[in-house]
Amino acid sequence: MPPPSPDPVAVADRRRPRLVEGRGELSGAVSDALRSGGPPRCAPGAVPDADAWGEDLQLALYLLYELHYRGFDGVDDAREWDPDLLRLRQAMEVRFLDALRTELSAAPRTVEDAFGPLLVEPVDLSGSLSRHLETCGELWQLREYAALRSLYHLKEADPHAWVIPRLTGRAKAAMVAIEYDEFGAGRADRIHAQLFADLMTDLGLDPTYGRYLDHAPAPLLASVNLMSLFGLHRAMRGALVGHFACVEVTSSPGSRRLAKAMRRCGAGPAAEHFYAEHVEADAVHEQVVRHEVIDGLLVDEPDLEEDIAFGCAATVLLEDRLASHIREAWDHERSALRTPLHDQ
């Protein structure tokens with residue numbers, strides 16, 4: 001008697017996320033191409049006509065970038081370097097970068113001007129998302145926030161690791177030291193992505209990698225895509241360092257507020273611990289990234305200063321756009337997700 005056919009669900013690769021449906025012509029073409037193994041099929045004007053900040057283009061970019069991380073269940077690993085997919089990705093990257101540069105035409109062009117305002121915590125925190133969560137956020141809002149952030153935090157530090165072979169000397173040594181901490185300092189249970197998975201479990205969320213991609217709106221996708229865009233291009237190594245430095249400089253105060261929010265709402269010890277860990281760690285990382293990574297890079301390649309400043313400004317821009325999206329939804333008592341968690 002022949003053995004029973006394997007259950008396709010049972011043999012699915014749980015290390016890889018499920019491929020989601022598209023949200024328009026571009027993302028639909030990418031999703032269909034990854035499923036079929038064929039080239040992406042979309043109209044010649046689809047990229048120029050697309051909204052650079054919209055759901056369709058940002059999801060299409062996210063799907064293509066994910067091929068360089070864990071890929072998707074059922075998608076051939078070889079598609080990572082498929083020429084047709086890369087051509088489409090390049091066109092969308094140009095569209096995204098043009099939109100960023102247009103928005104940031106008046107942004108600071110020096111490291112001092114870009115980072116100076118971030119080193120002093122604002123007196124007025126009324127528009128701060130972490131302040132809102134600390135003082136009056138509800139548990140359902142913390143769950144939404146975690147579901148959104150999971151698209152980055154479950155691969156935390158991975159996009160920034162691409163810059164390591166592109167650095168030398170002080171900058172390289174300091175970057176590796178910070179990443180060593182991010183990846184658990186030799187302990188798998190201390191990897192920051194694992195700590196976030198533990199946070200999600202405390203909040204009653206599914207910690208499976210990529211689980212909430214379908215829930216994520218365009219502003220969240222754009223913030224994650226920015227890291228991948230900078231990380232995958234050697235020419236943008238300065239911008240990636242600027243992004244990483246911006247995250248480290250701004251992390252500690254926000255993490256302190258979020259740890260208090262988790263404690264106030266009774267989210268659980270692992271939920272509180274994730275942010276408490278970042279308060280101390282990122283305070284140290286801030287000093288290292290500013291004085292060793294950035295200063296070391298500028299000694300080696302002083303012409304990258306504008307790129308570093310651009311990476312910082314782009315990070316602030318997209319984080320502000322995401323915070324505005326979330327606050328607008330919550331202020332109107334709506335979910336900030338495309339599909340509310342209770343509708344799973």
Side-chain angles (χ1 to χ4, degrees), residues 12-18 62 65-73 130 133 139 142-164 174-216 220-221 223-228 231 240 243-244 247-248 250-252 254-263 265-286 288-289 337 341 344:
D13 189 341
R14 299 303 182 190
R15 296 168 300 177
R16 302 178 183 222
R18 177 181 61 85
Y62 188 96
Y65 286 145
E66 191 58 39
L67 298 176
H68 298 281
Y69 294 99
R70 299 195 191 181
F72 292 99
D73 187 32
S130 61
L133 289 169
L139 186 59
L142 290 174
R143 296 182 75 245
E144 285 203 349
Y145 185 77
L148 287 169
R149 289 297 190 183
S150 69
L151 292 188
Y152 165 61
H153 281 304
L154 291 180
K155 57 172 171 257
E156 184 170 342
D158 289 350
H160 302 114
W162 276 311
V163 84
I164 292 172
M175 191 71 192
V176 169
I178 298 172
E179 290 282 84
Y180 180 67
D181 285 348
E182 299 283 349
F183 292 127
R187 290 182 52 184
D189 63 322
R190 303 300 302 162
I191 294 174
H192 285 191
Q194 180 58 53
L195 296 181
F196 195 82
D198 296 340
L199 170 150
M200 296 180 75
T201 300
D202 261 5
L203 288 171
L205 297 170
D206 184 347
T208 302
Y209 181 92
R211 167 65 179 81
Y212 295 101
L213 175 56
D214 243 353
H215 294 261
L220 184 281
L221 296 176
S223 71
V224 181
N225 286 340
L226 186 71
M227 289 176 262
S228 300
L240 184 62
H243 180 283
F244 185 67
V247 170
E248 296 298 324
T250 57
S251 173
S252 190
S255 293
R256 183 178 296 106
R257 290 189 285 269
L258 289 168
K260 291 179 180 178
M262 294 294 177
R263 182 164 60 251
C265 290
E272 182 181 345
H273 176 70
F274 175 82
Y275 289 108
E277 170 79 8
H278 282 69
V279 173
E280 181 177 348
D282 290 348
V284 175
H285 293 171
E286 173 199 339
V288 177
V289 75
L337 307 177
L341 293 173
Q344 293 182 61

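Atom set for the values below is all heavy atoms of this structure, side chains included, hydrogens, waters and symmetry mates excluded. All values derive from a computational prediction rather than experimental measurement.
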Might you point out which heavy atoms bring Leu199 and Ala146 nearest each other, and give the distance in Å?
CD2-CB, 3.7 Å

Should Leu205 and Leu341 count as side-chain neighbours, where that means a heavy-atom distance under 4.5 Å?
yes

Mind listing the closest non-hydrogen atom pair of Arg16 and Arg70 along with its distance?
CG-O, 3.4 Å

Does the side chain of Arg211 come within less than 4.5 Å of Leu154's, by heavy atoms?
no

In this structure, NE2 of His243 is separated from OG of Ser223 (nearest 0.5 Å) by 7.5 Å

Set out, in order, the CA-CA distance, both residues' side-chain angles and the distance that settles side-chain contact (heavy atoms from CB on, under 4.5 Å) for Arg18 and Asp214, then state yes or no.
CA-CA 10 Å; Arg18 177 181 61 85; Asp214 243 353; 3.7 Å; yes

Distance check, rounded to the nearest 0.5 Å: Leu133 atom CG versus Leu139 atom CG?
11.0 Å

Out of curiosity, Asp181 CG to Ile191 CD1, how far, rounded to the nearest 0.5 Å?
12.5 Å

Under 3.5 Å, is there a donor-acceptor pair linking the side chains of His160 and Glu248?
no

Can you tell me how far CG of Asp189 sits from CG of Leu195, rounded to the nearest 0.5 angstrom?
8.0 Å

Ignoring hydrogens and geometry, is there a side-chain-to-backbone donor-acceptor pair from Tyr212 to Pro207 under 3.5 Å?
no

Tell me, do Glu182 and His285 make a side-chain contact under 4.5 Å, heavy atoms counted?
yes

Please walk me through it: do Asp158 and Tyr152 pass side-chain contact (heavy atoms from CB on, under 4.5 Å)?
CA-CA 9 Å; Asp158 289 350; Tyr152 165 61; over 6 Å; no

Would you call the rings of Tyr275 and Tyr145 parallel, tilted or perpendicular, where under 30° means parallel and over 60° means perpendicular?
tilted

Would Arg149 count as a cation-pi partner of Phe196, with NZ or CZ less than 6.0 Å from the six-membered ring centre and within 45° of the ring normal?
no

Between His278 and Ser255, which heavy-atom pair has the shortest distance, and what is it?
CB-OG, 3.4 Å

Determine whether a donor-acceptor pair (N or O, by modelled atom type, separation under 3.5 Å) exists between the side chain of Glu272 and the backbone of Arg263.
no

When every non-hydrogen atom of Gly71 is compared with those of Pro17, the smallest separation belongs to O-CD, 3.1 Å

Can you tell me if Arg190 uses its side chain to pair, donor with acceptor, with the backbone of Ala185 under 3.5 Å?
no

Nearest 0.5 Å, what's the CZ-OG distance between Arg257 and Ser252?
9.5 Å

Ignoring hydrogens and angles, tell me if any N or O in the side chain of Arg143 forms a donor-acceptor pair with the backbone of Leu203 under 3.5 Å.
yes

CG (Leu226) and CG (Leu221) are apart, to the nearest 0.5 Å, by 12.5 Å

Flag side-chain contact, heavy atom, 4.5 Å: Lys155 against Glu66:
yes

Donor-acceptor contact present, side-chain Asp202 to main-chain Ala271, <3.5 Å
yes

Can you see which heavy atom on Leu142 is nearest to which on Met262, and at what distance?
CD1-SD, 4.0 Å

When every non-hydrogen atom of Leu151 is compared with those of Gly210, the smallest separation belongs to CD2-CA, 4.3 Å

For Tyr69, which of Tyr209, Tyr62, Trp162 qualifies under ring-ring contact (aromatic ring centres under 6.0 Å, His included)?
Trp162

